[in-house]
Amino acid sequence: MVSNHDDGKPPAKWKKVCVVGAGMAGLAAARELRREGHAVTVLEQAGDVGGQWLYDPRTDDPLGASPAPVRVHSSMYASLRLISPREAMGFTDFPFLPVDGAGGGGRDPRRFPGHREVLLYLKDFCDAFGLMDAVRLSLNTRVLRVAMAPPQCRAPAVAGGERKWVVRSVRVGERDDTGVQEEVFDAVVVATGHYSQPSVPTIKGMEAWRRRQLHSHSYRLPEPFRDEVVVMVGCGDSGKDIALDLISVAKEVHLTDKSTEEATTPAMSKLLAKYANLHLRPRVEHLCEDGTVVFVDGSRVVADTVMYCTGYVYSFPFLDTDGVVTVDDNRVGPLFEHVFPPALAPSLSFVGVPRKVPAPWFFEAQGKWVAQVLSGRRTLPPVEEMLRAVDEHYRARAAAGVPVKYTHELGGIEPQKYIEFGEKYCGFPRYEDWKREMIVSTISRRDDDDMETFRDRVDDDSDHVRLCLKSWHCSSPARHQASLAVSAADGHPPPPRLAQTAKAIAADAL
């Protein structure tokens, strides 16, 4: 494919690039763009980097039913811990090492740390690579509109007349009609994530039901639900995790699933036997005004709260492409390899759209590909060829019986695609097999054994994983220090705190 081409020559040109979002995907993209020599501006509506990992105790409209965008971006709840081991996460040259002892600063060294540790790791990443200084990072800045620039803003025809983009933004807290700024960019990378805009089902009686309803996006702490009867619509990762958070305070917790047979895994059976106040129900048929929740099997319960753990939808309310890029049944398209809209490539791209992929590794690979295409180091196939590839992807998914709403889900459906993605398009190393084995075995422990303790059991690693882990722990500190040295050589020395922590980690590894 044409996009594999890399002639080994230095980049022919640099671009002025706007990255929308300073979460994990945005930071990964910004670092790769800077490495390729582009002038990068990152716009972030929050007061700090981190995206979803920046915990916000505030809550949004309970159902998130107000028009996009939501007012509170993060869907993080206080007790959340990773469901993937830290060794399987992390940037390729900046491992997600446990930080303990000297310089720890209250860090969480567990294999499956809490959300705050991920945020601190991302801040360390910014410090290590000088992102706060090397890119133009504008915090507390909400993007109002991204649209194609009029012809007069583009380069002369002799220079190719390349497409440009006008980005309109405003400082958070200011009225939309004051303090608005507009700037023209050569390219825009959308990296706003996909765990903010709630997907709320339509259930008969929702409008008339007078008691509390909320989406898990607005869940933070269990205490407000003390002594309540809570019905949870949805039995996915967040539904089960929040149920475990609630059973110690709620009077009853009723988890619902469209198939109780499929939901009754060995681990779920163990939980149901252990907690008398935890129940598994079929899906909700309707809600009654008096607080009764009726299930499809005819059973019912009087509830205080209905919580919808029903996932999220892709939403880009600021993006105006004249209908070229749309979101239909949670499919963002058309996107070539989930990154480039063919008709607008390469000046518009998306990083972080795929779901169930190893992060931030996959975002690094996407960002590197975007950066190299923009610089001219690599080229994309013709528009017609990219559109044909997108159509073939859609037809293959449909033939396999995969619903449209799972278009961007790779892990569990097409894991080989994400494993080979970086190697195929930008010379990025493949995702290592032992890391994928760790993730798969973790999911197996959670579903087939014990949902409460699966994160804290490390004795189930295979011999292959143990050997690779030993090598990872021995080599990672050296890579960590090498990254800091490269950053310092580029004129962005890490802060003393980070340098001291790196030395402490290296000493512990000896």
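For the single chain, residues carry numbers from 1 onward in sequence order.
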Dump the intermediate steps for salt bridge (Lys or Arg N to Asp or Glu O under 4.0 Å) on Asp456 and Arg81, then the final yes or no.
CA-CA 11 Å; Asp456 300 313; Arg81 288 177 64 187; 3.0 Å; yes
side-chain contact (heavy atoms from CB on, under 4.5 Å) for Val118 and Met24? Distances and angles first, verdict last.
CA-CA 10 Å; Val118 182; Met24 189 177 282; 3.9 Å; yes
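Ring-plane geometry between Phe316 and Phe318 is classed as perpendicular, the angle between the planes exceeding 60 degrees on a 0 to 90 degree scale with a lower cut at 30. Between Trp361 and Phe428, the two ring planes are tilted [angle within 30° to 60°].
Distance check: Ile242 CD1 to Met232 CE gives 5.0 Å after rounding to the nearest 0.5 Å. For the atom pair CG of Leu246 and OH of Tyr219, the computed distance is 4.5 Å after rounding to the nearest 0.5 Å. Taken to the nearest 0.5 Å, the CZ atom of Arg355 stands 10.5 Å off from the OG1 atom of Thr407. The structure places CZ of Phe96 at 10.5 Å from CZ of Phe91, a figure rounded to the nearest 0.5 Å.
We find that Asp127 and Lys123 are not joined by a salt bridge, their nearest charged nitrogen and carboxylate oxygen being 4.0 Å or further apart. Ion pair Asp124/Arg107 flagged as a salt bridge, since at least one NZ, NE, NH1 or NH2 atom sits closer than 4.0 Å to an Asp/Glu carboxylate oxygen. For the pair Asp237 and Lys356, the salt-bridge criterion is not met [side-chain N within less than 4.0 Å of a carboxylate O]. Using a cutoff of 4.0 Å between basic side-chain nitrogens and carboxylate oxygens, Glu183 and Arg136 are scored as salt-bridged. Comment: Arg58 engages Asp56 in a salt bridge, judged by a side-chain N to carboxylate O separation of less than 4.0 angstrom. Salt bridge present: Asp241 and Arg455 bring a charged side-chain N and a carboxylate O closer than 4.0 Å. A salt bridge is defined here as a Lys NZ or Arg NE, NH1 or NH2 lying under 4.0 Å from an Asp or Glu carboxylate O, and Glu87 with Lys435 fails to meet this definition. Contact check on Arg31 versus Glu364 returns a salt bridge, with a Lys/Arg side-chain nitrogen under 4.0 Å from an Asp/Glu carboxylate oxygen. In this structure, Arg397 pairs ionically with Glu414, as a charged nitrogen and a carboxylate oxygen lie closer than 4.0 Å.
For the pair Arg212 and Phe225, the cation-pi test (distance below 6.0 Å, angle within 45°) is passed.
Side-chain rings of Phe421 and Trp369 approach one another, their centers coming within less than 6.0 Å. Here Tyr121 and Phe125 keep their ring centres 6.0 angstrom or further from each other. Residues His194 and Tyr312 keep their aromatic ring centres 6.0 Å or farther apart.
Heavy atoms from other residues, nucleotides or ligands lying under 6.0 Å from CD of Glu223 number more than 12.
The closest donor-acceptor contact from the side chain of Ser196 to the backbone of His73 lies under 3.5 Å. Within the 3.5 Å criterion, the main-chain N or O of Thr256 finds no donor-acceptor partner in the side chain of Arg283. A donor-acceptor distance shorter than 3.5 angstrom exists from the side chain of Thr265 to the backbone of Asp447, with no hydrogens or angles considered.
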